[in-house]
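As structure tokens, the structure follows; a few thoughts come after it.
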Amino acid sequence: MGTLGRAIYTVGKWIRGTGQAMDRLGSTMQGGLRVEEQVSRHRTIMSIFEKEPRIDKDVFVAPSAAVIGDVEIGHGSSIWYGSVLRGDVNGIRIGSGSNIQDNTLVHVAKTNISGNVLPTIIGSNVTVGHSAILHACTIEDEAFVGMGATLLDGVVVEKHSMVGAGSLVKQNTRIPSGEVWVGNPAKFLRKLTEEEIAFISQSATNYFNLAQVHAAENDKSFDEIELEKKLRKKFAHKDEEYDSMLGVVREIPPQLILPDNILPDKAKASAVAH
């Protein structure tokens, strides 16, 4: 920071200090009627140890998530509400089109029982279910980790394999491609079916589409949100049978219509019609 930058920073600090002092004075004058307001210090994207997250511009990171330090996230991936990706003592790499669902924890290892220094690597089109814990492990492309599963240091989940919900995968376990593992500790259950392999790919696509809707909603201004509330109230659906008796046709404003790919039934109906 140059001389001018330091001067501007110092003046800004003085102005903020003055504002805070005036706020405290005003609260004191209000006496018993005052209301204490706490500003959230949550930072969705945060550098640490001079390590800065590198996130593709098309990635959706929910406001309540935390992406910290040496984290790289590829095109079209999504980090959902309450998730924490902490790349402080090592790195986290996530490919394209993967989804890390709500309340998931992703961390790394600087040292462990085996003495290995391990990052966490997540491939492309991977689905990680809600509240999973991924610690210093590798998940290859198009794999699936169920809700609440825990993967410990050195675990490798190969392409087109699945870890069942609530499972605990022990250190240095390798789950071969095309297999389902479940339990505590997780063990081989059976082979994946072709339908299940297709489901893994479709799950990633569904979350890619859904993330775009959430990203657009989170980008809306206060005025846009309030306008939509009024429109929804005005154009709220009444009883369809009653409407048909009166000959009423209710049209939905374009801005309140979700994309076809978010409503599978609607998309199928449209395809049949064409």
Side-chain angles (χ1 to χ4, degrees), residues 42-48 50-88 90-108 118-147 149 151 155-163 177 196-220 258-264 267:
H42 171 73
R43 293 162 63 185
T44 303
I45 310 297
M46 189 177 84
S47 300
I48 192 168
E50 298 183 353
K51 298 174 182 177
E52 182 179 359
R54 298 172 302 286
I55 302 173
D56 191 272
K57 60 183 178 63
D58 293 325
V59 170
F60 168 63
V61 180
S64 57
V67 179
I68 303 165
D70 186 8
V71 180
E72 183 176 335
I73 307 175
H75 166 77
S77 290
S78 53
I79 313 301
W80 291 80
Y81 304 93
S83 294
V84 176
L85 280 62
R86 182 155 60 89
D88 44 12
N90 212 316
I92 296 171
R93 302 289 179 266
I94 299 176
S96 302
S98 293
N99 58 92
I100 311 299
Q101 296 176 18
D102 315 69
N103 297 319
T104 291
L105 171 63
V106 182
H107 195 224
V108 290
L118 297 171
T120 293
I121 300 173
I122 299 171
S124 297
N125 300 320
V126 171
T127 289
V128 178
H130 317 293
S131 299
I133 298 176
L134 311 180
H135 200 275
C137 58
T138 296
I139 304 173
E140 296 182 355
D141 297 349
E142 297 182 20
F144 187 100
V145 177
M147 296 181 288
L151 279 59
V155 166
V156 177
V157 180
E158 294 185 0
K159 183 176 181 179
H160 290 159
S161 56
M162 180 180 291
V163 178
S177 178
E196 289 169 329
I197 293 174
F199 166 77
I200 293 174
S201 178
Q202 186 60 47
S203 175
T205 300
N206 291 344
Y207 263 89
F208 171 80
N209 294 330
L210 189 58
Q212 294 181 68
V213 176
H214 280 258
E217 189 67 31
N218 278 283
D219 283 342
K220 288 178 181 176
L258 289 173
D260 288 350
N261 54 23
I262 305 303
L263 302 171

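In this chain, residues are counted from 1 in sequence order.
- The CD1 atom of I121 sits 9.0 Å away from the CG atom of L118 when rounded to the nearest 0.5 Å.
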| field | Worked check of side-chain hydrogen bond (donor to acceptor under 3.5 Å, both in side chains) between S78 and N99 | value | CA-CA 5 Å; S78 53; N99 58 92; 5.4 Å; no

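- Looking at residues two or more places apart in sequence or on another chain, you find a salt bridge (Lys or Arg N to Asp or Glu O under 4.0 Å) between D88 and R86.
- Of the possible donor and acceptor atoms, one in the side chain of D141 sits under 3.5 Å from a partner among the backbone N and O of S124.
- The closest side-chain heavy-atom distance from E140 to V156 is below 4.5 Å.
- The side-chain hydrogen bond (donor to acceptor under 3.5 Å, both in side chains) contacts involving residues 56-68 comprise D58-H75, where partners must be two or more places apart or lie in separate chains.
- Of the N and O atoms on the side chains of S77 and S98, not one donor lies less than 3.5 Å from an acceptor on the other residue.
- Residues I94 and L85 form a side-chain contact, since some pair of their non-hydrogen atoms from C-beta on lies under 4.5 Å apart.
- A salt bridge does not link K159 with E142: every distance from a Lys NZ or Arg NE/NH1/NH2 to an Asp or Glu carboxylate oxygen is 4.0 Å or more.
- Residue-environment remark: CE (M46) exceeds the threshold of 12 foreign heavy atoms within 6.0 Å.
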| task | Evaluate the criterion side chain to side chain contact (heavy atoms under 4.5 Å, CB included) for residue pair L105 and L134; output intermediate values, then yes/no. | result | CA-CA 6 Å; L105 171 63; L134 311 180; over 6 Å; no

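- A side-chain donor-acceptor contact under 3.5 Å links S83 to the backbone of Q101.
- Aromatic ring centroids of H160 and F144 lie 6.0 Å or more apart.
- Inter-residue side-chain proximity for L210 and N206 is flagged as unmet; no heavy-atom pair is nearer than 4.5 Å.
- The neighbour count for E52 CD, taken as heavy atoms of other residues, nucleotides or ligands under 6.0 Å away, does not exceed 12.
- Ring geometry for W80 versus F60: interplanar angle over 60°, hence perpendicular rather than tilted (30 to 60°).
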